[in-house]
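Below: the structure, in structure tokens.
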2 protein chains.
Amino acid sequence: MSFFTEKPVTAADKTFFQLRKAIVEGEIEAGSKLSEPELSTKFAVSRAIVREAINRLEACHIVERKANVGARVVALSPEGLVELYQVREALEGMAARLAAKNMTDDEIADLNGLLDSHFQKVKSDGSYYQEAGDVDFHYRIILGSKNSNLITMLLDGIYHHIRMYRVKFGMAGPRITTAFDEHKHIVQAISNRDEELAEMLMRRHIMYSKTNIENKLITQP
Amino acid sequence: MSFFTEKPVTAADKTFFQLRKAIVEGEIEAGSKLSEPELSTKFAVSRAIVREAINRLEACHIVERKANVGARVVALSPEGLVELYQVREALEGMAARLAAKNMTDDEIADLNGLLDSHFQKVKSDGSYYQEAGDVDFHYRIILGSKNSNLITMLLDGIYHHIRMYRVKFGMAGPRITTAFDEHKHIVQAISNRDEELAEMLMRRHIMYSKTNIENKLITQP
DNA sequence: CAAGTCTATATTGTCGACAAATAACCCATG
DNA sequence: CATGGGTTATTTGTCGACAATATAGACTTG
């Protein structure tokens, strides 16, 4: 089963989603241990279910497991965040390239529409753009790549980690309008089917984000 | 646990490794179904163990599982191979860039030594370079990136898939010496700490490989 | 008093059995 | 003869219990 679209059908699915949500949103904090009996009573399911859920969390690299010892939520370090953004730069850069190649004209038109609606909201209440809009934009391009490996890696893997970091370190720069301009240029490149430029702009866009975060982490760690 | 370095300690580990080997090497063929009771008797372990092993295989995207139906080995299509190489291009390109930045001088010297030894072998018996040497070269650069996310994705994820395709479609072009030259140039760029060039050359190197395979698949599918 | 060891406890790993859902098969019917 | 429905049978999902390992604490000893 794919983790981001499909709905939970089995008990293990549900427990996995609940656990992941609890971890990603910070309810279960980074570095803490996941006790199987404890979670078993908490979620009112058998230990086998919890075990399977933890296995899947391990697969997403959200927890680390040591044999005969147990599972801990991964520790979030500033260095880890930088590493994550390096991977994201490579992967989303490629996604933008492939999107310029593989998105249909209709999908590109939709994307332009999305950007327009964002622009309206930025103009009215400037504070909007932070979360949902940005995520939505990146989602569309990732899906537009039409490369299932890439999509899975980014949406099931990287993005949940990014969210974890965002909850812990709380990132939100003064990048609202500049980020919007960057989005606009990326979509223009995609509209022109300029794969090279689309990739380059996306990579820069993510690099800016990265350095922005790095500076923030250095000044207030 | 990390899938590529650590040794199996628990029964589920062992079963996972055995199963993965059987699948990657083609003993269990692509598209076939994995029956839990069957494997349970075959490996002489409980069904719970087989289940956990299958879960990990799903995590590597080696099998796909449908609820209440079971797990099948992923189907290998030519399109899937192209998608895989697109991801590999992005990821290994970034790995080369980071290797140019993060490898120690000693590690780079070792890498040059490796290349020399490859050169000797190519000169003596021309047929060598195909498998082990190529893999070894790429491994070193991936590890040289010092980015654990990247390393895990490539070594635990992509590389086993590549091997699966290699077993099924059997790829080996007339690229022996040209590939060697490409390796040489990449190492030169890394030695010069030229991140930009290292990434570009690695990406081209993988792109050549990709088009080479594509041509082969078109002419004899 | 510190350090090491042994014991006791709790947690993880493994197993076989039961429940639920799917797939296969047979039979009836148009 | 093909097709649809119902029943059986197999497979997956879930559970509780037992075995093995690691952690924590008490105890002994230098």
Side-chain angles (χ1 to χ4, degrees), chain A residues 1-3 5-23 28-75, chain B residues 1-3 5-23 28-75:
Chain A
M1 71 148 212
S2 197
F3 297 152
T5 49
E6 311 249 349
K7 283 167 193 170
V9 32
T10 173
D13 289 343
K14 280 182 235 164
T15 308
F16 164 67
F17 280 102
Q18 289 178 28
L19 255 179
R20 186 178 66 178
K21 192 181 176 202
I23 293 173
I28 299 175
E29 59 186 329
S32 64
K33 183 176 174 185
L34 296 182
S35 161
E36 292 180 7
E38 189 184 322
L39 295 172
S40 171
T41 58
K42 181 177 176 182
F43 289 114
V45 290
S46 112
R47 237 192 74 216
I49 304 288
V50 174
R51 250 182 106 67
E52 185 166 337
I54 291 181
N55 276 331
R56 296 195 196 169
L57 290 173
E58 187 191 11
C60 313
H61 304 281
I62 288 178
V63 308
E64 279 174 354
R65 167 171 255 169
K66 269 193 279 190
N68 292 313
V69 173
R72 307 194 80 89
V73 179
V74 291
Chain B
M1 73 148 209
S2 195
F3 295 153
T5 51
E6 312 250 348
K7 285 165 192 171
V9 32
T10 173
D13 288 343
K14 280 182 236 165
T15 308
F16 164 67
F17 280 102
Q18 289 178 25
L19 255 179
R20 185 177 65 178
K21 192 180 176 203
I23 294 173
I28 299 174
E29 60 186 328
S32 63
K33 186 180 171 182
L34 295 182
S35 161
E36 293 180 7
E38 189 183 322
L39 296 171
S40 171
T41 59
K42 180 176 177 183
F43 289 114
V45 289
S46 115
R47 236 192 76 217
I49 303 288
V50 173
R51 249 180 107 68
E52 186 166 336
I54 291 180
N55 277 330
R56 297 195 196 170
L57 289 173
E58 187 191 12
C60 312
H61 305 280
I62 288 178
V63 307
E64 279 173 355
R65 166 172 256 168
K66 270 193 278 191
N68 292 313
V69 173
R72 307 194 80 89
V73 179
V74 291

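Here is how names work: the chains are called A, B, and so on, in the same order as the sequence lines, proteins then strands, and each is numbered from 1.
Test A/L34, A/I28, A/L19 against A/V63 for side-chain contact (heavy atoms from CB on, under 4.5 Å) and you get one pass: A/L34.
The residues A/R65 and A/E36 are annotated as salt-bridged, a charged nitrogen and a carboxylate oxygen being separated by less than 4.0 angstrom.
When side chains are defined from C-beta on, B/R20 counts as touching B/F17, because their heavy atoms get closer than 4.5 Å. The side-chain heavy atoms of A/D13 and A/R56, taken from C-beta on, include a pair separated by under 4.5 Å. Residues B/R72 and B/E64 are not in side-chain contact: their nearest non-hydrogen atoms beyond the backbone lie 4.5 Å or more apart. Counting heavy atoms from C-beta outward, B/E52 and A/E52 have side chains that stay 4.5 Å or more apart.
D/dG13 atom P lies 10 Å from atom CD of B/E58, rounded to whole Å. Here C/dG13 presents its C1' atom at 15 Å from CD of A/E52, a figure rounded to the nearest Å. The interatomic distance linking B/F43 (CZ) with C/dC15 (C1') rounds to 18 Å, in whole Å.
Base contact: A/A48 has a heavy atom under 4.0 Å from a base atom.
Listed pair B/T10 / C/dT12 fails the phosphate criterion, with no side-chain N or O lying under 4.0 Å from OP1 or OP2.
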Once base and sugar-phosphate atoms are separated, protein heavy atoms under 4.0 Å mark nucleotides 6-12 of chain D, 5' to 3', with B, S and - as -----SB
